[in-house]
Amino acid sequence: MQNFKKQIAEMLERHVEGLDSAEILDMVEIPQESSMGDYAFPCFRLAKALKKAPALIAKEIAGKLEGEALFEKTEAVSAYVNMFIKKEAMLRTALAAAIGEGSRFGGSGIGGGRKVIVEYSSPNIAKPFHIGHIRSTVIGNAINNIYAALGYDTVRVNHLGDYGTQFGKLIVAYRKWGNKEDVEREPIKTLLAYYTKFHDEAERDASLEDEARLAFSMLEQGSADETALWQWFRDESIKEFSRVYRLLGIDFDSYAGESFYSDKMGKAISLLKDKGLLKESDGAVIVDLEEWGMPPALITKKDGSTLYITRDIAAALYRKEAYGFHKNLYIVASQQNLHFRQWLKIIELLGFEWAEDCVHIPFGLVSLEDGVMSTRAGRVVFLEDVLRRAIERTREIVLEKNVNTDNIDETARQVGIGAVIFQELSNNRIKDYVFSWDKILNFEGETGPYIQYSHARASSLVRKGGEAAAAAAARPEALDLSYIESDSAFGLAKLIYRFPDAVLEAGEKYEPSIVARHIVDIAQAFNKFYHDEHILTDDEAEKTAKLSLVLAVKQTLKNGLGLLGIEAPERM
Ligand code: ARG
């Protein structure tokens, strides 16, 4: 795609003494207000070298740029040179890119095929997959899609919580009170009930805890009976998780969770030992992190069993060895900030320079309208129930609004799920947010359904325009774009042009909301264009030119939704 900013930097290099185009490129800004131009060049930095007031320099540069074919106009406003790109150039470039690159538009080859591990979702076996898990699942999936679009070779890892002393408790509980049919019918709810019962009973009878410790240690030693039970709990739980993943349209390349590292912990521990990082404390083994203002990291317990952080150290070592990653990303709630700070410090202390390629990407809490949920208080809201309810409610709305679709079930699924995902991704990930039904299913607000609806509106315009016009619109290089005149059309073209920058920035900041907000802007600009201009006119040439912009909108919205993990129905 023609790069205006780069072109401007090269142009300015000829007129600005002492700076090369790369330095200028860094300085060129995109003004907040479009009345201040499409690009602006600040002249403060030049004042010293040129011994002139910045405003004067701006004036001189603006004068020199006059007559450049790229610009509609240039003007000096105080210390800035404001540049306005010719509408025709902006339109042509945006349309050629969005339509020409098709489903690849927005992405690039910047990743060069380098490996990026994206770890997300990572629920705990035999524990509810609840609304709190949606964030890691959906944010992680979007980050994966964005990195893949940027040309990285991503590996999607689900680091299941499938190991630890709680499995000893579950094994004991199952043996005492369990029933195979119940587990098979409703694995997680049943296993959770056993687990809760275990805790109640253990308050009266402390020997249960010892039994559980023993069972876990048998499991760690690979004893056949314990392993078979654990494997079964794991398989049944994954079956349930998979139902949710299928609803969300989410996949993984690896389910290597905590248990996967059970035979890889010895190596990690001996590395820690060789580096002199381990200390004994009350029979347990720790890494002292006081110097860095953190509590000690517990590596093994008194009975020799390993911990969550031990497995994370082993996992990082393994991933570096197995994948040779360029980046290793962890999409995990901000409640685990301390854990990840401790863990990263330990990787650094081990002397691995790739510690800097490991990134914890935290996110804030989700709460429900009637207060924060908590597993303990029994107010757990299962993610699957939320998703099914979203689909059900959307179905009602679709029927009520008499939405144009020949497959209500399919549309209700696409829109209901899309609504939930979009609500997740439209806010800055670090912000806490309140899950609200009314907000997400609104077809008018800044919501998933609104964007899907805009996409469907674009699709419908293309259909109504007729096949010949659609085919011609798909080749914008051959069209007379002077028919597209309105400011709203131009604003829309600019947003399309900037879509790849939004994707890149979202990748750099691990912030899918940048893509989400950008497509909201595009949808709003498109609807403004739709109201301002008569698109399906009788004049064939005019109609085709405008439809070409509509096609570009359709492609960009579809790609943007796709990056977020949301489908784009053709009719709605
Ligand atoms: N299973 C953990 C939980 O549900 C999240 C795992 C996060 N990933 C990691 N590598 N520690 O809290």
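All values below were derived from every heavy atom in this structure, side-chain atoms included, with hydrogens, water molecules and symmetry-related copies excluded. Order of appearance sets the numbers: ligands from 1, and atoms from 1 within every ligand. Since this is a predicted model, take the numbers as computed values, not measurements.
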Mark up the atoms of ligand 1 that fall under 4.0 Å of a heavy atom belonging to Phe340, in ascending order. 9 (C), 11 (N)
What protein heavy atom sits nearest atom 7 (C) of ligand 1, and how far away is it? Tyr308 OH, 3.3 Å
Atom 12 (O) of ligand 1: closest protein heavy atom, distance to 0.1 Å, is Gln336 NE2, 3.0 Å
Test of ring centre spacing under 6.0 Å for Tyr174 and Trp230: no
Any salt bridge between Arg319 and Glu119, counting N to O under 4.0 Å? yes
In the protein, which heavy atom is nearest to atom 8 (N) of ligand 1, and how far is it? Glu119 OE2, 2.8 Å
Give the atom numbers and elements of ligand 1 that come within less than 4.0 Å of a heavy atom of Asp312. 9 (C), 10 (N), 11 (N)
For the ring pair Phe129 and Tyr245, is the centre-to-centre distance below 6.0 Å? yes
Give a yes or no on whether the ring-centroid distance for Phe325 and Tyr152 is below 6.0 angstrom. no
Taking the six-membered ring for Trp, are Phe167 and Phe233 ring centroids under 6.0 Å apart? no
Just jot down the ligand 1 atoms closer than 4.0 angstrom to any heavy atom of Asn124, in number order. 1 (N), 2 (C), 3 (C), 4 (O)
So, Arg135 side chain and Ile131 main chain: donor-acceptor pair closer than 3.5 Å or not? no
Geometric N/O contact Ser122 with ligand 1, under 3.5 angstrom: yes
State yes or no: are the ring centers of Tyr255 and Phe260 separated by less than 6.0 Å? no
As an exercise, identify every atom of ligand 1 less than 4.0 angstrom from a heavy atom of His159. 8 (N), 9 (C), 10 (N)
Close-contact set for ligand 1 against Val332 heavy atoms, below 4.0 Å: 7 (C), 8 (N)
Check each atom of ligand 1 against the heavy atoms of Tyr330 and keep those under 4.0 Å away; list them by number with element. 10 (N)
